[in-house]
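Below: the structure, in C-alpha cells.
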Amino acid sequence: MSAIRTKLHHQLQTVTARIPVLNSTAATRGGVQPWNSRLRELANKSLFSEALSVYLQMLRSGASPNAFTFPFALKSSAVLSLPITGEQLHCQAIRTGCLLEPFVQTSLISMYCKCNFVDVARQVFDENPLSRKLTVCYNALIAGYALNLRTKDTVSLFCEMREFGVEINGVTLLGLVPVCGVAGNFGLGMCVHGCCLKFGLNLDFSVGNSLLSMYLRCGEIKTARKLFDELPGKGLITWNAMINGHAQNGLANDVLELYREMEASGIQPDPVTLVGVLSSCANLGAQEVGKEVERRIHACGFLANPFLNNALINMYSRCGNLVKSRQIFDRMPVKTVVSWTAIIGGYGMHGQGEVAVDLFDDMIRAGTIPDRAAFVSVLSACSHAGLTDKGLHYLDTMEQKFHLSPGAEHYSCVVDLLGRAGRLDEAHGLIRTMKAKPDGAVWGALLGACKIHRNVELAELAFERVVELEPTNIGYYVLLSNIYTDAGDSEGILRIRVMMRERKLKKDPGCSYVEFKGRVHLFVSGDRSHPQSKQIYEFLDELECKLKELDQNGMGVHSEKLAVAFGLLNTKEGAEIVVMKNLRICGDCHLFMKLVSKILPRREFIVRDPTRFHHFRNGVCSCKDYW
DNA sequence: ATAGGGTTAG
C-alpha cells in the first residue's frame with residue numbers, strides 16, 4: 001500500500017505543477033455557475049467522462065471550481081475509477097479552500113474507496129475532525145471497507161460510530177452488507193438485519209433489497225423468500241436481486257418462474273434481469289425461453305449491451321445452437337475474454353475441439369489476454385476432443401507465458417486428457433507434483449480414466465482419495481463398482497455395496513428435464529405425477545415394443561428415459577431439447593437413442609447429456625464419437 | 001444546486 005501511495009504522491013506532484021494557478025480575476029471572468037449546472041446535468045445522465053471533460057474546459061476557460069463543483073467531478077472519477085484524476089481534484093480542492101466542505105470531504109472519501117485506495121480514504125477521514133461528526137463520511141468509509149471485504153475495519157468503524165453517538169441510517173446498514181454476504185459472515189448478516197429492525201429501517205426500500213441480496217449470497221433461500229414476500233414495494237432492483245440470487249444458487253427453474261411473476265407484476269426487465277434469466281436458460285437448456293429473451297432484447301434496444309451478448313453466446317452454446325452463438329459472437333464489435341471463453345466452451349462441449357483450439361489461438365492473436373476461466377474452457381475442449389499434446393502445451397503456456405498458476409480445475413482437465421489417452425502413470429504423476437491441492441474432480445478424472453483403461457489397482461488408489469474429499473458423491477462409488485464389474489470382481493462390488501449402506505448413501509433417482517413451450521418439465525424415475533404421464537407411458541411402451549424387435553440384447557427401457565419419450569411425443573409441436581440430467585452415460589443409453597432414431601427417422605431432436613449435445617437428424621447423430 | 005447504499009456474463 002505504501003508503495004502505491006508513494007507512486008500516487010509522485011504523480012500528484014507532477015500534475016500539481018501543471019495545474020493552472022487560480023486567481024480571483026479568472027474566477028470572476030468566467031463565472032462558475034453555468035459550468036456547475038452543466039456538470040450536474042451530465043452527471044445525472046451518467047455521462048461521467050463527458051462531465052470530466054466539461055470540468056477541464058471549465059479550468060481552461062479560467063473559471064474557478066467551488067464547493068458545488070467538486071462533488072460532481074469526484075463522483076465522475078469515482079465511477080470511472082480514475083484515481084489519478086481524483087488526486088488532481090483533491091489537490092485543487094486544497095488550493096481553492098474547498099477541502100473542508102462536508103460535501104467535498106465525503107465525495108473525496110467515496111472516490112478513494114471506489115478506486116480501491118481505502119487507506120488513502122482513511123487518511124482523508126482522519127485528517128479532518130469534522131468527518132467524525134458526519135454520518136455520510138462514516139457511511140462512505142464503511143462502504144469502502146466493506147467493498148474491499150475488510151470485515152474487521154468495517155465492523156470497528158461501525159462500532160465507533162455507535163460509541164460516538166453518530167446517527168445511523170439506512171445507508172450505513174447498506175454499506176455493511178457486502179461483508180455479510182461472504183461465507184462465514186452469516187452471523188454478522190443476522191446482526192445487521194437485527195439492527196435494521198431496531199432502527200425501524202427494515203421496510204426501507206433499499207435496505208430491504210440489500211438484505212435480500214445478502215441472504216441470497218449466503219445461500220439462505222428460504223429467509224430471502226420470506227423477506228421478499230414481506231417487502232411492501234417490489235421494484236426492479238428487488239426482482240433483479242431475487243432473480244440473480246436464485247440464478248447464482250443454481251435454482252434455474254425458480255428463476256424462470258420469478259421472471260414470469262415479474263412480468264405479471266408489470267415491471268419491465270432491464271439488462272441485469274435478462275442476464276440472470278439467460279444464465280438459467282443456459283443451465284436448463286431452455287432455448288425457447290432464451291429465444292424469447294433475445295426477442296425482448298431486440299425490442300428494448302439492449303442489443304449493444306456486452307453483458308447481454310455474452311450471456312446470449314453462453315446460452316446458445318450450452319443449448320447446442322452453435323450457429324446462433326457464433327453469429328452473435330461474430331457481430332460483437334468488442335469481444336472480451338468472457339465472450340471468447342463462452343464460444344470456446346460451446347465448441348468444446350460439442351466435441352468440436354479443433355474449432356475451439358483455433359478460436360483460442362485467434363483470441364491470443366487478437367491481443368486478448370486469457371484468464372484462468374479461458375484456460376479451463378480450452379483445456380476441457382482438448383480433453384473432449386482427445387487433443388492431448390495441445391492440451392499439455394496450453395497448460396505450459398498458461399504458466400510460462402501468462403504467469404497464471406493452474407488450479408485444481410485446470411489439473412482435472414489435464415488428468416482427464418492424459419487418462420483418456422491411456423497415459424495413466426503420467427496422470428498420476430501430475431497429481432503428485434501439482435502445485436494446487438488436488439480436489440475430488442482431479443482424483444475423479446483419474447478414476448474415470450481407470451474405468452476406460454481397466455486399471456483396478458490405480459482405480460482403488462484414486463477412489464480412496466476421492467472418497468476422502470467427497471464422501472457423499474455417489475457417482476464415484478458407482479464408478480468403482482462398474483470397474484469391478486468389468487474386472488469380474490464380485491467381492492469388490494460387494495465391498496462397495498456394504499460401504500454405501502454403512503454410509504447411508506442411496507443413489508438419487510434418475511431425473512431428466514424437457515423444455516416444452518417455455519416450461520421446463522422435470523421427470524423423476526418412477527414418478528407419474530406429470531399430467532400427460534398416461535400418454536407418455538403408452539408411447540414409451542410402444543417404443544419399447546419396437547425397440548425389442550431391434551435390440552437382441554434386451555436392454556429394456558428405464559423410466560428415467562421418460563423425458564426422452566415426452567420430448568419425442570411433442571417434437572411435432574416444438575419441443576426442441578431433451579435434457580438428460582443425472583443420466584449415466586452408459587452403453588444402453590446411447591443404444592437407446594440410436595434405436596429411437598431408427599424408429600423415428602424423420603424426427604429431428606437434440607439430446608443433451610451432462611457433458612455434451614447430440615443432434616439427431618434423419619436418424620443420424622451429428623456427434624462423430626457418439627456410436 | 002452539491003455527498004453516502006442495493007442488482008449484471010464465461
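Quick caveat, the model's predicted, so the values are computed rather than measured.
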- request: Kindly write out the residues that satisfy salt bridge (charged side-chain N to carboxylate O under 4.0 Å, His left out) with A/Asp361, not counting sequence neighbours, or none if the list is empty.
  value: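 Expected list: A/Lys390.
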- prompt: In chain order, what residues pass the salt bridge (charged side-chain N to carboxylate O under 4.0 Å, His left out) check against A/Lys226, with sequence neighbours excluded?
  reply: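 Result, salt bridge (charged side-chain N to carboxylate O under 4.0 Å, His left out) vs A/Lys226: A/Glu230.
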Residues from residues 357-373 of chain A lying under 4.0 Å of DNA chain B - heavy atoms: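 A/Asp371, A/Ala373 - these, ordered by number, are the residues of the stretch whose heavy atoms sit under 4.0 Å from the strand.
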message: Among residues 335-343 of chain A, which ones have heavy-atom contacts with DNA chain B below 4.0 Å?
response: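 The stretch gives A/Val337, A/Val338, A/Thr341 as the residues lying under 4.0 Å from the strand, ordered by number.
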task: Carefully, step by step, assess A/Thr69 and A/Asn66 under the rule side-chain hydrogen bond (donor to acceptor under 3.5 Å, both in side chains).
output: CA-CA 5 Å; A/Thr69 321; A/Asn66 65 12; 3.0 Å; yes
Nearest to the [X] side chain among [options], which nucleotide is it?
X        : options              : answer
A/Leu147 : B/dG4, B/dA9, B/dG6  : B/dG6
A/Ile237 : B/dA3, B/dG10, B/dT7 : B/dT7
A/Pro71  : B/dG4, B/dT7, B/dA3  : B/dA3
A/Thr135 : B/dG4, B/dA3, B/dG6  : B/dG4
A/Ser210 : B/dT7, B/dG6, B/dA1  : B/dG6

message: Is there, by distance only and without an angle test, a donor paired with an acceptor across the side chain of A/Ser107 and the base of B/dA3 below 3.5 Å?
response: no
Only counting residues at least two apart or in another chain, list the ones meeting side chain to side chain donor-acceptor pair (under 3.5 Å) with [X].
X        : value
A/Ser383 : A/Asp416
A/Arg372 : A/Glu409
A/Glu160 : A/Arg132, A/Tyr138
A/Lys401 : none

statement: Sorted by chain and number, sequence neighbours left out, ring-ring contact (aromatic ring centres under 6.0 Å, His included) with A/Tyr394 holds for A/Phe360
field: Is_stacked (A/Phe103, B/dT2) at 5.5 Å, 30 deg
entry: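 Yes, aromatic ring over the base.
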